[in-house]
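Beneath this line is the structure, given in structure tokens, with notes to follow.
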Amino acid sequence: MAEIKEKSTIVLFSGDLDKAIAAFIIANGAAAYDHEVTLFFTFWGLNALRKDEKLMVKKGWLESMFAKMMPRGADKLGLSRMNFGGMGPKMIKHVLKKHNALSLPQLIELAQEQGVKLVACTMTMDLLGLQQEELMDGIEYAGVAAYLGDAADAKVNLFI
Amino acid sequence: MAEIKEKSTIVLFSGDLDKAIAAFIIANGAAAYDHEVTLFFTFWGLNALRKDEKLMVKKGWLESMFAKMMPRGADKLGLSRMNFGGMGPKMIKHVLKKHNALSLPQLIELAQEQGVKLVACTMTMDLLGLQQEELMDGIEYAGVAAYLGDAADAKVNLFI
Amino acid sequence: MAEIKEKSTIVLFSGDLDKAIAAFIIANGAAAYDHEVTLFFTFWGLNALRKDEKLMVKKGWLESMFAKMMPRGADKLGLSRMNFGGMGPKMIKHVLKKHNALSLPQLIELAQEQGVKLVACTMTMDLLGLQQEELMDGIEYAGVAAYLGDAADAKVNLFI
């Protein structure tokens, strides 16, 4: 008899480093427990998936503004509090390293290794003018309907 | 045999435009999927339901202060980040329009058409001194007990 | 036949007074409904559990910095918006008192009386250098695995 896996979903709406870390720790924990996990990145949460380098993609003026103002990737996010113009994130990264805890880029890598489904919200990508080549490899693309399909089957659904 | 509808609930605690948009997109998506959806507005989330115009309701000093300081309605909300003294919300509204996406007032209207239950938290209304005539028509009024009753039956429960 | 209790879990990630109040109102409501409720405090949410007094615990430099910068206990938290350098929290506390609503310290006490399980996230405690003697009595200590165990069995799971 085939075992049915439990499912969990997390919407990552926030673009804050601390919240992204929390989302990935919960997602990786659930995957380690053999849950089927979907992390759905929407709005500012998409910034965690952006590639580090600047890409020459054609954009309108407003889309270029967004692209410039939003942090480029998991290593550039700020904190939800005590950001202190970038000092806070440095302290958190230092503290993670000191305790041999995983950094956000390492947490993302682990999530991919564990088969956590990383899904970029296509509607937000459209709105903010983000293109697939600007986001990291190995992720999926879908809209709110796909998210709701996963969430309706899941035991644990969080919005972060 | 009568089909039992799936249920979803969302608590909208935040008074940010971007979070309110996300809440309504998920709520409308779930309603389109034939879920029975409850959106429960508490704390700053209530601001999305406020009427645009200034009403002459009798209030104490503190309640008048809250009423003055809090944004009056869905069209007045700020962003959770990149607000830039009101420039950010203008950019987001412009971007929504450009992509033929619904504005927040339109999303609220659609939610009402689809039968999404919009519930204002009476306890917060008491605390902040908001009165029913200050909130939009066609909504319900209830406390945390009613929310929990809905949530205990629902598959997807989010706090935004 | 023994009745099986419904379960609810709330992750309190936020260190904001208003969000902590919301979390405890929902938790106490669910407990009054005879749910088995777990409140899991992680990241800045741990500040709500800190003791008021300054304790002489040995800490590294970075841990001392965190300890100094983070609010010490439920009575010291700020607001997620309209904080106005501490004026906002005073207004909210005044309003709660005026309406005979419970303050955050009273909500915490009620939660403990009702058997709500208050759990401090040990991983965050490690990272921020918080020690058990710095947190209030009568709470439990656990990691994300224990949280997920509770959440997988629960009907209502929220992240605040």
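Proteins come first, then strands; the chains are lettered A, B, ... in the order of their sequence lines, and each starts at number 1. Every value quoted in this text rests on a predicted model; they were computed, and no experiment measured them. The basis for the numbers below is simple: all heavy atoms, side chains too, and nothing from hydrogens, waters or symmetry mates.
The structure places CE of B:Met82 at 6.0 Å from CE of A:Met70, a figure rounded to the nearest 0.5 Å. Once rounded to the nearest 0.5 Å, the distance linking CZ of A:Phe159 with OG of B:Ser14 reads 8.5 Å. With rounding to the nearest 0.5 angstrom, the OH atom of A:Tyr147 is 13.0 Å from the CD1 atom of B:Ile25.
Scanning all heavy atoms of the two residues, the minimum distance from B:Ala101 to A:Leu127 falls at CB-CD2, 4.3 Å. When all heavy atoms of B:Tyr33 and A:Gly149 are compared, the closest pair comes out as CE1-N, 4.1 Å.
Using a 4.5 Å heavy-atom threshold, the side chains of B:Asp18 and A:Phe13 count as touching. Using a 4.5 Å heavy-atom cutoff, the side chains of A:Asn157 and B:Asn157 are not in contact. A:Phe43 has its side chain out of reach of B:Ser80: every pair of non-hydrogen atoms, C-beta onward, lies at least 4.5 Å apart.
Between chain A and the residues B:Arg81, B:His35, B:Glu6, the largest count of heavy-atom pairs under 4.5 Å involves B:Arg81. Heavy-atom pairs under 4.5 Å with chain B were tallied for A:Leu62, A:Thr9, A:Val144, A:Asp16; the largest tally goes to A:Leu62. Interface check for chain B: of the options A:Leu148, A:Thr124, A:Val11, the most heavy-atom pairs under 4.5 Å are formed by A:Leu148. Interface check for chain A: of the options B:Leu158, B:Leu96, B:Ile92, the most heavy-atom pairs under 4.5 Å are formed by B:Leu158. Contact tally against chain B (heavy-atom pairs below 4.5 Å) for A:Ala151, A:Ala152, A:Ala154: the top residue is A:Ala152.
A salt bridge does not link A:Asp153 to B:Lys155: none of the charged side-chain nitrogens sits closer than 4.0 Å to a carboxylate oxygen.
For a residue to count as touching a neighbouring chain, one of its non-hydrogen atoms must lie under 4.5 Å from one of that chain's; by this rule B:Met91 touches chain A with backbone and side chain alike. Both the backbone and the side chain of B:Lys19 have a heavy atom closer than 4.5 Å to some heavy atom of chain A.
With a 6.0 Å radius and a threshold of 12 heavy atoms from other residues, nucleotides or ligands, B:Lys98 has its NZ atom above the threshold. Residue-environment remark: NZ (A:Lys51) exceeds the threshold of 12 foreign heavy atoms within 6.0 Å.
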